[in-house]
Amino acid sequence: MGEEAANVKKKIIIDTDPGIDDAMAIFVALQSPEVEVIGLTTIYGNVYTTLATRNALHLLEVAGRTDIPVAEGSHVTITKGTKLRIADFVHGADGLGNQNFPAPKGKPIEQSAVEFLVEQANLQPGKISVVALGPLTNIALAIQRDPGFVKNIGQIVLLGGAFSVNGNVNPAAEANIFGDPDAADIVFTSGADILAVGINVTHQVVFTEADRNRLAQSTGKFAQYLCKILGIYYSYHHDAYATQGVYLHDPTALLAAVNPSLVTYTEGVVRVQTTGITRGLTLFDNTLKRYGEITEWSNKPTVKVAVTVDAPAVVDMVLERLLNS
């Protein structure tokens with residue numbers, strides 16, 4: 001029994017807005033024997049949802065994994081907002097480093113992302129984890145659509161938040177939470193099993209020029225592909241942060257789902273500010289103080305928030321999995 005149990009792959013759905021580091025995370029996931037990717041769901045963020053779907057299909061074709069379904073997600077925020085923040089200045093107008101890849105042959109499945117998430121969670125209760133790499137609209141909609149979703153879904157590992165540090169969209173907010181703060185607050189207070197991996201952690205994981213050169217010199221298929229698209233991402237980091245490397249946001253969150261021992265976490269209540277100049281702010285309550293009054297913070301379920309990461313191990317795992325492709 002022990003042997004078999006050890007060989008059971010963790011089933012994951014990746015909710016994604018590809019994006020250069022999303023591409024990296026998806027390739028790392030496909031190269032990870034510990035997990036089975038059972039679907040990609042798409043969301044706006046680095047690009048609009050339509051293009052995210054196209055890019056997801058394209059990446060699966062590059063990987064030779066067109067057996068994995070892609071379900072298209074929401075085109076608007078949970079409050080029906082259409083004025084979306086799109087980070088094409090980070091990832092290129094096509095989201096993949098302006099390489100103008102040919103259109104994918106595949107199509108998304110008939111089901112929407114929300115229908116796919118709810119159905120999969122119902123089919124295999126507790127067995128499927130979601131790795132959410134973009135704004136949390138699809139996840140919040142699934143929570144609203146099916147009252148059983150929070151119990152049926154396994155863990156939700158989300159890339160989002162800036163805990164006790166400045167954001168990356170503005171001093172208050174991190175991009176994924178800022179993309180749909182109302183959805184994020186629904187997810188954080190839903191009672192689901194959540195691990196939030198914020199930029200306070202991912203900014204410790206830097207992929208250097210030397211790491212990129214190792215990709216360039218390798219014959220790995222994914223390594224070669226990523227070298228093509230990484231240029232614009234390095235230029236952005238150089239201009240924005242005056243650094244010679246790039247932050248591995250999405251791969252870090254993905255690997256935290258694959259191998260939880262890479263991060264340590266604390267537990268508490270997280271709320272998201274939905275209005276004003278701090279819109280998108282993630283505030284963590286360590287729940288150690290008993291407050292006198294009943295407030296918007298009272299009796300909320302706790303979540304896990306990553307506080308440290310084994311950065312060298314993450315970079316090593318990313319490199320090893322991409323080089324051997």
Side-chain angles (χ1 to χ4, degrees), residues 12-26 29 37-60 68-88 90-96 104 107-109 111-121 128-145 149 153 156-161 168-169 173-188 190 192 194 196-197 249-251 253-254 257 272 280:
I12 62 170
I13 294 170
I14 305 177
D15 189 69
T16 177
D17 55 333
I20 293 168
D21 57 335
D22 298 75
M24 207 178 225
I26 289 164
V37 180
I38 64 163
L40 302 181
T41 52
T42 61
I43 192 64
Y44 57 85
N46 295 321
V47 291
Y48 291 101
T49 306
T50 307
L51 188 49
T53 301
R54 177 184 157 132
N55 287 351
L57 290 163
H58 163 72
L59 292 166
L60 291 175
I68 297 172
V70 174
E72 185 159 89
S74 182
H75 293 250
V76 296
T77 67
I78 198 143
T79 55
K80 303 283 190 282
T82 52
K83 202 166 160 266
L84 306 174
R85 177 185 181 274
I86 300 298
D88 54 3
V90 181
H91 298 268
D94 65 353
L96 295 172
K107 297 268 184 290
I109 58 175
Q111 278 177 308
S112 70
V114 175
E115 289 163 346
F116 181 75
L117 284 162
V118 166
E119 179 188 72
Q120 293 301 319
I128 294 177
S129 292
V130 175
V131 180
L133 301 178
L136 292 164
T137 318
N138 290 335
I139 317 300
L141 287 168
I143 289 166
Q144 287 185 340
R145 159 119 12 143
F149 183 76
I153 200 69
I156 299 171
V157 179
L158 65 91
L159 172 71
N168 59 357
V169 171
E174 176 276 328
N176 284 345
I177 304 299
F178 190 74
D180 194 344
D182 302 275
D185 193 59
I186 289 168
V187 174
F188 276 120
S190 67
I194 289 168
V197 179
H249 304 293
D250 299 32
L254 186 279
V272 180

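Numbers here are sequence positions counted from 1. Please read these numbers as outputs of a predicted model, since none were measured by experiment.
- Take Ala121 and apply the side-chain contact (heavy atoms from CB on, under 4.5 Å) test, not counting sequence neighbours, and it matches Phe149, Asn152, Ile153.
- Across all their heavy atoms, Gly160 and Ala196 have their closest contact at O-CB, 4.3 Å.
- Considering CD1 of Ile156 and CD1 of Ile139, their distance stands at 6.0 Å, rounded to 0.5 Å.
- To the nearest 0.5 Å, atom CD1 of residue Ile13 and atom CD1 of residue Ile68 are 11.5 Å apart.
- Taking both residues in full, the closest heavy atoms of Gly161 and Ile177 are given as N-CG1, 3.3 Å, listed atom of the first, atom of the second, then distance.
- Ser74 and Tyr44 get closest at one heavy-atom pair: O-CD2, 3.5 Å.
- Distance check: Glu72 CD to Thr49 OG1 gives 6.5 Å after rounding to the nearest 0.5 Å.
- Of the possible polar contacts, one joining the Thr42 side chain to the Gly73 backbone as a donor-acceptor pair under 3.5 Å is found.
- Partners of Gln111 according to the side-chain contact (heavy atoms from CB on, under 4.5 Å) rule, which considers only residues two or more places apart in sequence or in another chain, are Ile109, Glu115, Phe116, Glu119.
- Partners of Ala25 under the side-chain contact (heavy atoms from CB on, under 4.5 Å) rule, at least two apart in sequence or in another chain, are Leu133, Asp250, Pro251, Leu254.
- Pairs engaging residues 76-87 under the side chain to side chain donor-acceptor pair (under 3.5 Å) rule: Thr77-Thr79 [sequence neighbours left out].
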* Can you check side chain to side chain contact (heavy atoms under 4.5 Å, CB included) on Gln144 and Ile78, steps first, answer last? -> CA-CA 10 Å; Gln144 287 185 340; Ile78 198 143; 3.7 Å; yes
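- For the residue pair Asp15 and Pro135, the shortest heavy atom distance occurs at OD2-O, 4.0 Å.
- Sorted by first and then second residue, the salt bridge (charged side-chain N to carboxylate O under 4.0 Å, His left out) pairs with a member in residues 173-185 read Asp182-Arg279, Asp185-Arg271; sequence neighbours excluded.
- Minimum heavy-atom separation, Gly45 to Asp17: CA-OD2, 3.3 Å.
- Contacts of Asp94 classified as salt bridge (charged side-chain N to carboxylate O under 4.0 Å, His left out), with partners at least two apart in sequence or in another chain: none.
- Inter-residue side-chain proximity for His58 and Leu96 is flagged as met; some heavy-atom pair is nearer than 4.5 Å.
- For the residue pair Asn138/Thr41, the side-chain donor-acceptor check at 3.5 Å is not satisfied.
- Taking CG from Leu136 and CZ from Phe188, the interatomic distance works out to 6.5 Å, rounded to the nearest 0.5 Å.
- A search for side chain to side chain donor-acceptor pair (under 3.5 Å) contacts involving Asn176 returns nothing, not counting sequence neighbours.
- Rounding to the nearest 0.5 Å places OG1 of Thr53 at 9.0 Å from CD1 of Ile43.
- Interatomic distance, CG of Asn46 versus CG of Asp21, reported as 6.5 Å (0.5 Å rounding).
- For His91, the ring-ring contact (aromatic ring centres under 6.0 Å, His included) criterion is met by Tyr233, not counting sequence neighbours.
- Across all their heavy atoms, His75 and Thr50 have their closest contact at CE1-OG1, 3.2 Å.
- For Leu51, the side-chain contact (heavy atoms from CB on, under 4.5 Å) partners at least two apart in sequence or on another chain are Val47, Arg54, Asn55.
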